[in-house]
Amino acid sequence: RPLRHARSPPHAPRATPPPPPAPPHPPHPTPPPDAPRMKPLAALILPGSKHTVGSLDWLRSQGLAKRIVELATSGLPVYGVCGGLQMLGRTIHDPAGIEGGDAQGLGLLEVETTFGSEKTTRQTTVACAEGGNVTGYEIHLGQTSASPRVKPHLDGGLGFRQGNVTGVYLHGIFANDGYRQRFLADLGWHGVIGDWQARVRAEFDRVADLVDSSGWAEDLAILPTAR
């Protein structure tokens with residue numbers, strides 16, 4: 001019997017190939033860090049710095065510069081000492097490249113600082129615009145000049161005030177009892193401060209008594225004196 005032609009089996013459906021893997025997402029750019037959360041503040045003090053421009057760069061890299069400006073704009077008292085004063089200003093001029101060149105400050109005081117080659121180092125007593133004299137020490141490069149809108153806070157170009165922002169060149173200014181009392185009273189504190197110098201002398205006396213009672217006094221007396 002003649003063979004019949006076998007029917008070809010029906011074509012099986014082709015399997016759909018899996019889609020190619022999605023390309024990896026490009027990494028998201030790292031946003032600038034948010035400033036650390038701060039507890040409620042009565043005031044903010046920017047202390048001195050051995051490298052004003054470097055400190056400004058660090059404040060900006062940490063998100064703190066923006067936060068300081070926000071706090072000052074909100075009315076919080078902001079106070080800068082020496083390098084802190086220079087940072088609060090508009091511009092730092094550095095013609096000799098002592099700290100790497102010119103830099104923009106925080107812009108909270110309408111003052112400009114120009115670095116010079118000689119460092120000022122001296123003990124100073126100067127009149128304060130709020131009354132009386134204050135004593136402290138200067139150790140800084142450069143001089144700072146202010147616009148007419150900035151009020152002098154200390155004589156001799158050593159202190160400036162503009163609204164709620166103050167900057168001074170005088171280290172140790174808060175060791176002056178009357179000045180410290182006024183500063184705290186302006187923040188709403190109603191206490192009475194103690195005599196700071198008397199407290200310091202009492203601590204020195206306590207340490208001296210401890211050395212005497214320990215028997216170290218004679219050993220210390222024979223140590224070579226630094227020249």
Yes or no on side chain to side chain contact (heavy atoms under 4.5 Å, CB included) for T73 and E70, after CA distance, side-chain angles and deciding distance?
CA-CA 5 Å; T73 304; E70 290 172 348; 5.7 Å; no
Gap separating the [atom1] atom of [X] from the [atom2] atom of [Y], nearest 0.5 angstrom:
X: L158; Y: Q143; atom1: CG; atom2: CD; answer: 8.5 Å
X: L141; Y: K50; atom1: CG; atom2: NZ; answer: 12.5 Å
X: K119; Y: I98; atom1: NZ; atom2: CD1; answer: 10.0 Å
X: L71; Y: R67; atom1: CG; atom2: CZ; answer: 4.0 Å
X: D155; Y: N133; atom1: CG; atom2: CG; answer: 8.5 Å

Please report the closest heavy-atom contact between [X] and [Y], naming both atoms and the distance.
X: V165; Y: A72; answer: CG2-CB, 4.3 Å
X: A42; Y: P77; answer: O-CD, 3.5 Å
X: A146; Y: V111; answer: CB-CG1, 3.7 Å
X: M87; Y: S49; answer: CE-CB, 4.1 Å
X: G48; Y: C82; answer: CA-CB, 4.4 Å

T52 and Q86: side-chain donor and acceptor closer than 3.5 Å?
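There is such a pair (donor and acceptor under 3.5 Å, judged by atom type) between the side chains of T52 and Q86.
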Does a donor on one side chain sit under 3.5 Å from an acceptor on the other, for T120 and E138?
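The answer is no; no qualifying pair exists.
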[Y] reachable from [X] in the ILVMFWY side-chain graph, under 4.5 Å edges:
X: I193; Y: I45; answer: yes
X: Y137; Y: Y169; answer: no
X: L170; Y: I139; answer: no

List the steps and the verdict of side chain to side chain contact (heavy atoms under 4.5 Å, CB included) for L88 and V78.
CA-CA 9 Å; L88 290 174; V78 176; 3.8 Å; yes
Please determine if R161 and E130 form a salt bridge, counting it only when a charged side-chain N lies under 4.0 Å from a carboxylate O.
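Yes, R161 and E130 are salt-bridged.
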Do [X] and [Y] have side-chain heavy atoms sitting under 4.5 Å apart?
X: F115; Y: E99; value: yes
X: L44; Y: L46; value: yes
X: Y79; Y: F183; value: yes
X: T114; Y: P95; value: yes
X: L64; Y: W58; value: yes
X: Q162; Y: E110; value: yes
X: V134; Y: L154; value: yes
X: V69; Y: L108; value: yes

For [Y], is there any backbone N or O sitting under 3.5 Å from a side-chain donor or acceptor partner on [X]?
X: D94; Y: D102; value: no
X: N176; Y: T135; value: yes
X: R60; Y: A65; value: no
X: Q181; Y: G191; value: yes
X: H171; Y: I173; value: no

Determine, step by step, whether T166 and L85 satisfy the side chain to side chain contact (heavy atoms under 4.5 Å, CB included) criterion, reporting the C-alpha distance in whole Å, the side-chain angles of both residues, the deciding distance to 0.1 Å, and the verdict.
CA-CA 8 Å; T166 305; L85 157 63; over 6 Å; no
Y179 vs H153, test: ring pair (Phe, Tyr, Trp, His ring centres under 6.0 Å). Steps then yes/no.
CA-CA 12 Å; Y179 187 89; H153 183 60; 5.7 Å; yes
Can you check side chain to side chain contact (heavy atoms under 4.5 Å, CB included) on R182 and C128, steps first, answer last?
CA-CA 12 Å; R182 287 195 301 268; C128 177; 4.0 Å; yes
Is it true that atom CD of E203 has more than 12 heavy atoms of other residues, nucleotides or ligands lying nearer than 6.0 Å?
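Correct, the count exceeds 12.
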